[in-house]
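Everything on this sheet refers to the single structure shown next.
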Amino acid sequence: MEVESRYVAVRHHVEGLPSEDDFEVKAARVRWSPESGEVLVRNLYLSVDPYQLNRMKRRSASHLAVDGIVPGERIDAYGAGEVVASACEEYKEGDVVAGVLGWEDYTLFRPSPGVLMSKLAASDDLPLSHHLSALGTSGMTAYAGLYEVGRPEAGEKVFVSAASGSVGSLVGQFAKLAGCYVVGCAGTNAKVDLMKNKLGFDDAFNYKDEPDMKSALKRSYFPDGIDIYFDNVGGETLEAALANMNTYGRVALCGVISEYTDASHRAVPDLLEVIYKRITIRGFFAWDFLRRFAEFTGVIGDWIRQGKVHVIEDISDGLDSVPSAFAALFSGDNIGKKMVKLA
């Protein structure tokens, strides 16, 4: 069996701010046979995530944990799709799956314990797109980062940066469910309104309106200090948060998007604050908690059904829109989880 497919590739390594011109859509033929042991998936939704930019660089610390992206070659990414052919008992034609697929029309994968792929139950009553957002790696990152790294207790004070994004928007809601006081920051007033009026944050602010973030946090949002900081940004925001942390505060270091396109924004934290306040800073990513994926998604799914968690998604249409969707992540245009719908 052979199908016509297309895939998105980078033309070259991307070192600065990404643009649509950095990408190309290439044609390919995908071959599957009953003897291959492989599963052929027609992709329906593709995840678009900022961390992919680090994989596109010639050199990045991210390559220690995930493979770099080679110019001209396919780009693996989280997604959801329908099985159209299978050479293994575990998957049947017509099954709907979510896991590591690719920025392409069709993906071949060979099932193994090291491949993140799950078959969705026919009785699943939630939108398929949710399996890329709250029930995918964004949800697992938010849940594990808050509960396993942040370890919140009722009454504690939580600060979330990039709090209207795919991860931050969930972290804030999870922290409220844990009984915490939650403040988020983002880059537009519309995003601030979303956090305060729909997502249930106690407060939120536009960081562009606060040239002195350190003073603003102390004066207006955390006069009694921060217990947990969930960092998606790095840079000056991390420095300001550390300056306002309480003793034994915890920092869940999820992303540093301010540094992805400009290394001059790299944070220079006051390490004396860290030492004498005994602050814990832990970097992590979703794959650290892969064994608990089913547990996380079960809990989050119940919260969604009960109306306790709102899922915010930003969906573009068609494979050709992947480059513009990816570039938009770094201009602050999107709200919630960015993804592309193929069919």
Side-chain angles (χ1 to χ4, degrees), residues 6-26 43 45-81 98-105 107 109 115-117 129 131-133 136-142 145 162 165-168 232-234 253-263 265 283-288 290 313-316 318-342:
R6 297 178 306 150
Y7 66 94
V8 176
V10 290
R11 298 179 186 274
H12 46 73
H13 292 290
V14 182
E15 303 297 342
L17 196 68
S19 72
E20 294 180 52
D21 292 338
D22 293 322
F23 299 88
E24 59 183 334
V25 178
K26 306 180 73 172
N43 296 329
Y45 285 92
L46 303 177
S47 179
V48 180
D49 301 287
Y51 84 93
Q52 296 278 38
L53 182 59
N54 293 319
R55 298 183 62 211
M56 295 173 187
K57 296 177 181 179
R58 188 177 301 277
R59 294 180 182 85
S60 168
S62 70
H63 299 173
L64 298 172
V66 291
D67 292 336
I69 291 170
V70 178
E73 296 189 4
R74 63 179 296 277
I75 298 171
D76 59 300
Y78 204 81
V100 177
L101 297 170
W103 284 354
E104 56 198 356
D105 292 318
T107 296
F109 76 93
V115 173
L116 176 57
M117 189 67 64
S129 60
H131 289 275
L132 274 68
S133 55
T137 53
S138 295
M140 184 163 66
T141 300
S166 62
V167 174
N232 293 298
V233 173
L253 197 58
C254 174
V256 287
I257 195 170
S258 69
E259 300 178 20
Y260 291 173
T261 58
D262 187 351
H265 289 163
F284 74 98
F285 55 85
W287 311 125
D288 294 340
L290 191 57
E313 297 173 341
D314 183 354
I315 303 176
S316 300
L319 188 70
D320 291 320
S321 72
V322 168
S324 60
F326 183 71
L329 292 174
F330 300 91
S331 61
D333 292 342
N334 75 294
I335 296 179
K337 174 63 181 180
K338 187 63 187 177
M339 66 184 78
V340 169
K341 182 180 181 181
L342 299 189

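Since the structure is predicted, the reported quantities are computational estimates derived from the model, not experimental observations.
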What I'd like to find out is whether the side chain of [X] reaches to under 4.5 Å of the side chain of [Y], using heavy atoms alone.
{"X": "Phe326", "Y": "Phe23", "answer": "yes"}
{"X": "Tyr45", "Y": "Ile315", "answer": "yes"}
{"X": "Phe284", "Y": "Cys254", "answer": "yes"}
{"X": "Val14", "Y": "Leu53", "answer": "yes"}
{"X": "Leu116", "Y": "Val100", "answer": "yes"}

Please confirm whether the backbone N or O of [Y] pairs with a side-chain atom of [X], one donor and one acceptor, at under 3.5 Å?
{"X": "His13", "Y": "Met56", "answer": "yes"}
{"X": "Asn43", "Y": "Glu104", "answer": "yes"}
{"X": "Asn334", "Y": "Gly336", "answer": "yes"}
{"X": "His63", "Y": "Ile69", "answer": "no"}

[X] to [Y] - nearest heavy-atom pair and separation:
{"X": "Gly102", "Y": "Thr107", "answer": "N-OG1, 3.5 Å"}
{"X": "Arg74", "Y": "Leu101", "answer": "NH2-O, 3.1 Å"}
{"X": "Ala325", "Y": "Lys338", "answer": "CB-CE, 3.4 Å"}
{"X": "Pro323", "Y": "Leu319", "answer": "CD-O, 4.0 Å"}
{"X": "Gly72", "Y": "Tyr7", "answer": "O-OH, 3.1 Å"}
{"X": "Trp103", "Y": "Ser47", "answer": "NE1-O, 3.0 Å"}

Sequence-distant partners of Pro50, side chain to side chain contact (heavy atoms under 4.5 Å, CB included), two or more places apart: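 With sequence neighbours excluded, Pro50 shows a side chain to side chain contact (heavy atoms under 4.5 Å, CB included) to Ile257, Tyr260, Leu329, Phe330, given in chain and number order.
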Salt-bridge criterion met for Arg11 and Asp22 (N-O under 4.0 Å):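 Here Arg11 does not pair with Asp22 in a salt bridge, since their nearest N and O are not under 4.0 Å apart.
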Ion pair Asp49/Lys337, N-O distance below 4.0 Å: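 Answer for the salt bridge query: yes.
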Between CE on residue Met339 and OG on residue Ser133, distance to nearest 0.5 Å: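 These two atoms lie 4.5 Å from each other.
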Nearest-0.5 Å distance that lies between atom CH2 in Trp287 and atom OG1 in Thr141: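 Spacing of CH2 (Trp287) from OG1 (Thr141) equals 8.0 Å.
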Residue pairs, two or more places apart or on separate chains, that pass salt bridge (Lys or Arg N to Asp or Glu O under 4.0 Å) and touch residues 52-63: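 Of all non-adjacent pairs touching residues 52-63, those that pass salt bridge (Lys or Arg N to Asp or Glu O under 4.0 Å) are Arg55-Asp76.
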Pair listing, side-chain hydrogen bond (donor to acceptor under 3.5 Å, both in side chains) test, anchored in residues 319-328, at least two apart: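 Sorted pair list: Arg6-Asp320.
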Donor-acceptor pair between Asp21 and Ser19 side chains, under 3.5 angstrom: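 No - no donor-acceptor pair under 3.5 Å links their side chains.
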